[in-house]
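The structure under discussion appears below in the form of structure tokens.
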There are 2 protein chains.
Amino acid sequence: MNVLKDILSERGIRPTFQRLTVLAAVSENRSHVTIRELHAALVKKIPTLSKTTLYNTLELFSAKGLVRSLSIDPGEARYDGVVAPHHHFYCSVCGRIIDIEISCPTGRAGEIHGHRIDEVHGYFKGVCRDCLARPGQTSVPPGKHIPAQRRRISHA
Amino acid sequence: MNVLKDILSERGIRPTFQRLTVLAAVSENRSHVTIRELHAALVKKIPTLSKTTLYNTLELFSAKGLVRSLSIDPGEARYDGVVAPHHHFYCSVCGRIIDIEISCPTGRAGEIHGHRIDEVHGYFKGVCRDCLARPGQTSVPPGKHIPAQRRRISHA
DNA sequence: TTCATGTTTGTAATCATTACAAAATAGTTT
DNA sequence: AAACTATTTTGTAATGATTACAAACATGAA
Ligand SMILES: [Mn+2]
Ligand SMILES: [Mn+2]
Ligand SMILES: [Zn+2]
Ligand SMILES: [Zn+2]
């Protein structure tokens, strides 16, 4: 686990226990977590962990290029431990975000029409393979914001 | 202005004064408005207009394919009257969203890895041409949510 | 230890969005 | 037209993610 400590130190971030735990959680599992999910998961390891710390930490990591913040799910930010450019698929039924391994040739130019490009965000919205296979599922009407707490669907 | 009325009628939407006004506002000006901006602008024409009506109307329009909802600006949805597929540039300094006229070949397939694609969302984040030219402007750190009310920067 | 600086935490405030029900409107039937 | 019904609009309250803030805590140097 000294690798994580080095990653933080290299970027001038003091490697506290909280930060190391957050970095481990975000980079190890390949999902795209929300603050809420992260908090629920990490409180088991750090009972006193506050959401404010998670907001602070993830903003710091985001600024230092350790994670990427995704505003795909309306109303709730998700964080990606994979900073290499890739796209996403957002399922409007189950709310999952799935990695799509394609990259954008336009974005690589770093500039378009005189605007400086810092980040490239691409995602597809639709119904994922699993949800297509599981019929009878009421699809969430597009644009409808459903509080994430209520959107959870177990994907066996 | 009977064109707008027809557009609504064709899709089974009763063409009320509020809806016609909203449709006119969203489709005529090429910007990507928020509910807040729309409300501020339209209250002049309809003094009793409520935000709830705007939420309802835009969700309805979005479901019927008359507008597209963009979750680019974190914390505030924006609505696009142009439904033809195109990309966007989001300036992290002034918060503007600029149309980028490229389209995604992958998205046109309508399907990827078995997932059904309903919408394609692509945008670049960075600093726009105007903000690059105007130095001394403190750039908003990425991931930092700034209430839109306070983000307004006049672009001469 | 003392001091200074950076970090974490809890709590309160903010603000976009959703829920809900009453009031207003429009269309239909008598 | 009046009565009735379904739809739309509106105001207000609730929800929930995010931000602001200051006190408590930890760390490291003097
Ligand atoms: Mn990803
Ligand atoms: Mn557009
Ligand atoms: Zn799904
Ligand atoms: Zn700009």
Side-chain angles (χ1 to χ4, degrees), chain A residues 5 8-9 11-23 33-40 42-43 45-62 64 69-79 95 140-152, chain B residues 5 8-9 11-23 33-40 42-43 45-62 64 69-79 95 140-152:
Chain A
K5 195 170 286 193
L8 293 182
S9 298
R11 319 226 174 192
I13 303 173
R14 196 139 60 176
T16 66
F17 184 57
Q18 283 83 341
R19 287 170 175 169
L20 287 168
T21 309
V22 171
L23 185 58
V33 289
T34 65
I35 294 283
R36 188 174 39 76
E37 292 168 348
L38 213 45
H39 188 256
L42 297 186
V43 155
K45 299 187 177 183
I46 311 176
T48 64
L49 183 70
S50 75
K51 278 187 182 168
T52 302
T53 295
L54 292 183
Y55 278 105
N56 289 340
T57 301
L58 287 168
E59 181 189 321
L60 177 65
F61 286 2
S62 179
K64 298 291 185 178
S69 169
L70 308 178
S71 37
I72 295 178
D73 194 338
E76 206 178 11
R78 307 194 86 102
Y79 295 88
V140 175
K144 175 89 174 173
H145 174 51
I146 292 185
Q149 290 174 345
R150 241 169 294 161
R151 200 194 303 122
R152 209 57 41 75
Chain B
K5 194 170 287 192
L8 293 182
S9 298
R11 320 223 174 195
I13 302 173
R14 196 137 67 180
T16 65
F17 184 58
Q18 284 82 339
R19 286 169 175 169
L20 287 168
T21 309
V22 170
L23 184 59
V33 289
T34 65
I35 294 283
R36 189 175 38 78
E37 293 168 347
L38 214 44
H39 188 256
L42 297 186
V43 154
K45 299 186 176 184
I46 311 176
T48 64
L49 183 70
S50 74
K51 278 187 182 168
T52 302
T53 295
L54 293 183
Y55 279 105
N56 289 340
T57 301
L58 288 167
E59 182 189 321
L60 177 64
F61 285 1
S62 179
K64 299 290 186 178
S69 169
L70 308 178
S71 37
I72 295 179
D73 194 337
E76 205 178 11
R78 306 195 88 102
Y79 295 89
V140 176
K144 175 90 175 172
H145 174 51
I146 291 185
Q149 291 173 346
R150 241 168 293 162
R151 200 195 303 124
R152 208 59 40 75

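Because only heavy atoms are used, hydrogens play no part in the values below, and waters and symmetry mates are left out as well, while side chains stay in. Each chain gets a letter, A, B and so on, in the order the sequences are listed, and its residues count up from 1.
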Approximate separation, where rounding is to 0.5 Å, of [X] [atom1] and [Y] [atom2]:
| X | Y | atom1 | atom2 | answer |
| --- | --- | --- | --- | --- |
| Leu8(B) | Leu23(B) | CG | CG | 5.0 Å |
| Thr57(A) | Leu49(A) | OG1 | CG | 8.0 Å |
| Lys51(A) | Leu38(A) | NZ | CG | 11.0 Å |
| Gln18(A) | Ile46(A) | CD | CD1 | 5.0 Å |

Heavy-atom closest pair, residues Arg78(A) and Glu37(A):
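Nearest heavy atoms, Arg78(A) then Glu37(A): NH2-OE2, 3.0 Å.
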
In the 5'-to-3' direction, what one-character label does each nucleotide of nucleotides 2-9 of chain C receive under the scheme B = base within less than 4.0 Å of a protein heavy atom, S = sugar-phosphate only, - = no such atom?
----SSSB

Send over the distance from [X] [atom1] to [N] [atom2], rounded to a whole Å.
| X | N | atom1 | atom2 | result |
| --- | --- | --- | --- | --- |
| Leu58(A) | dA17(D) | CG | C1' | 14 Å |
| Ile35(B) | dC15(C) | CD1 | P | 17 Å |
| Leu42(B) | dT9(D) | CG | C1' | 15 Å |
| Asp73(A) | dA17(D) | CG | C1' | 11 Å |
| Glu59(A) | dA17(D) | CD | P | 18 Å |
| Glu76(B) | dT18(D) | CD | C1' | 13 Å |
| Lys51(B) | dA14(D) | NZ | P | 18 Å |
| Leu8(A) | dT27(D) | CG | C1' | 16 Å |

So, does Arg19(A) use its side chain to make a donor-acceptor pair with the main chain of Arg14(A) at under 3.5 Å?
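Answer holds: yes.
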
Are OP1 or OP2 of dA16(C) and a side-chain N or O of Arg36(B) less than 4.0 angstrom apart?
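Checking dA16(C) against Arg36(B), a side-chain N or O does come within under 4.0 Å of OP1 or OP2.
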
